[in-house]
S.K.: 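Structure below; questions to follow.
Atom set for the values below is all heavy atoms of this structure, side chains included, hydrogens, waters and symmetry mates excluded.
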Amino acid sequence: MTEIGEIYRDFRLGKHVTLKDASSGIVSLAFLSRFERGLYDISFNHLLELLDRINVQLSEFEFMYNQRNDTTTDLLPTFQRAFQAGDTVTLKNHLLIWQRQQGEFCRTTSDPVENDAHDSG
């Protein structure tokens with residue numbers, strides 16, 4: 001199964017965005033590097049911020065994820081709609097479902113390393 005960090009990395013490199021530019025003000029450079037290599041999990045909010053930084057829509061990311069993992073479960077659009085509507089109940093419920101299906105790739109609480117956006121790496 002292709003990890004979400006690996007997919008993010010492919011998008012970032014395809015857009016010629018450096019780790020430093022992608023991570024600046026969102027997560028530390030070291031954190032982003034480890035996330036891309038599958039060593040760290042990431043919160044959904046930070047994933048959305050990082051995708052926005054490299055100008056990738058959540059739907060594009062979902063499409064690539066589904067292509068690489070041949071999955072028929074289509075929860076990302078539901079996440080996106082719930083996020084935009086501020087529907088935290090739906091977000092939490094679908095996050096739990098996704099975590100059970102895909103493994104715990106993201107957390108509902110922040111990782112202290114993730115919040116260190118000022119690491120010069």
Side-chain angles (χ1 to χ4, degrees):
M1 175 177 281
T2 303
E3 297 289 328
I4 62 170
E6 187 179 337
I7 295 169
Y8 178 85
R9 179 179 185 267
D10 290 345
F11 273 114
R12 180 182 62 75
L13 291 175
K15 295 191 177 255
H16 307 288
V17 177
T18 65
L19 276 169
K20 182 179 178 182
D21 290 340
S23 65
S24 180
I26 301 172
V27 294
S28 71
L29 187 148
F31 178 89
L32 182 55
S33 175
R34 291 178 182 123
F35 163 66
E36 288 184 349
R37 290 181 283 142
L39 302 176
Y40 281 176
D41 295 330
I42 193 166
S43 71
F44 188 66
N45 285 341
H46 280 134
L47 177 61
L48 290 176
E49 289 180 82
L50 289 168
L51 288 172
D52 186 55
R53 175 67 53 86
I54 62 170
N55 297 312
V56 172
Q57 297 294 313
L58 186 59
S59 58
E60 294 176 85
F61 189 82
E62 176 194 12
F63 179 79
M64 184 62 69
Y65 179 86
N66 288 337
Q67 288 293 309
R68 292 197 184 175
N69 291 298
D70 193 30
T71 180
T72 57
T73 305
D74 197 15
L75 291 177
L76 277 175
T78 306
F79 273 127
Q80 185 177 29
R81 284 190 298 276
F83 181 77
Q84 290 170 342
D87 183 353
T88 57
V89 173
T90 299
L91 280 172
K92 287 178 183 177
N93 288 336
H94 284 290
L95 181 61
L96 291 173
I97 292 167
W98 192 345
Q99 285 174 334
R100 282 187 218 118
Q101 290 176 348
Q102 304 298 328
E104 192 171 342
F105 77 92
C106 66
R107 297 180 189 83
T108 55
T109 59
S110 297
D111 182 336
V113 176
E114 195 175 335
N115 289 327
D116 183 15
H118 302 291
D119 182 9
S120 60

S.K.: Nearest 0.5 angstrom please: Phe44 CZ to Leu58 CG, how far?
M.R.: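 Separation between the atoms: 5.0 Å.
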S.K.: Yes or no on side chain to side chain contact (heavy atoms under 4.5 Å, CB included) for Phe35 and Ile4, after CA distance, side-chain angles and deciding distance?
M.R.: CA-CA 8 Å; Phe35 163 66; Ile4 62 170; 3.7 Å; yes
S.K.: Are Leu47 and Phe61 close enough, and set up right, to give a side chain to side chain contact (heavy atoms under 4.5 Å, CB included), and what steps lead you there?
M.R.: CA-CA 10 Å; Leu47 177 61; Phe61 189 82; 4.2 Å; yes
S.K.: Taking only residues two or more places apart in sequence or in another chain, which ones pass side-chain contact (heavy atoms from CB on, under 4.5 Å) with Leu19?
M.R.: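 For Leu19 the side-chain contact (heavy atoms from CB on, under 4.5 Å) partners, ignoring immediate neighbours, are Arg12, Leu29, Leu32, Ser33, Glu36.
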S.K.: Give, for atom CG of Asp41 and atom CD of Glu3, the distance between the pair rounded to the nearest 0.5 Å.
M.R.: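 With rounding to 0.5 Å, CG (Asp41) is 8.0 Å from CD (Glu3).
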S.K.: How far apart are the C-alpha atoms of Val56 and Met64, what are their side-chain angles, what is the distance that settles it, and do they pass the side chain to side chain contact (heavy atoms under 4.5 Å, CB included) test?
M.R.: CA-CA 11 Å; Val56 172; Met64 184 62 69; over 6 Å; no
S.K.: Quick check for you: to the nearest 0.5 Å, what is the distance between Phe31 atom CZ and Leu39 atom CG?
M.R.: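 Taking CZ in Phe31 and CG in Leu39, the distance rounds to 10.5 Å.
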S.K.: What heavy-atom pair brings Glu49 and Ile26 nearest, and what distance separates the two atoms?
M.R.: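 Closest heavy-atom pair between Glu49 and Ile26: O-CD1, 3.7 Å.
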S.K.: Does Ser59 have any side-chain contact (heavy atoms from CB on, under 4.5 Å) partners at least two apart in sequence or in another chain, and if so, which?
M.R.: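 With sequence neighbours excluded, Ser59 shows a side-chain contact (heavy atoms from CB on, under 4.5 Å) to Gln57, given in chain and number order.
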S.K.: In the structure I gave you, are the side-chain heavy atoms of Tyr8 and Ile54 within less than 4.5 Å of one another anywhere?
M.R.: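 Answer yes - side chains close enough.
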S.K.: Under the rule for side-chain contact (heavy atoms from CB on, under 4.5 Å), what residues qualify as partners of Leu13, not counting sequence neighbours?
M.R.: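 Arg9.
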S.K.: Take atom NZ of Lys20 as the centre, draw a 6.0 Å sphere, and report whether it contains more than 12 heavy atoms from other residues, nucleotides or ligands.
M.R.: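 Atom NZ in Lys20 is not packed in, count stays at 12 or less.
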S.K.: Nearest 0.5 Å, what's the CD1-CD distance between Ile7 and Glu60?
M.R.: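 The CD atom of Glu60 is 12.5 Å from CD1 of Ile7, to the nearest 0.5 Å.
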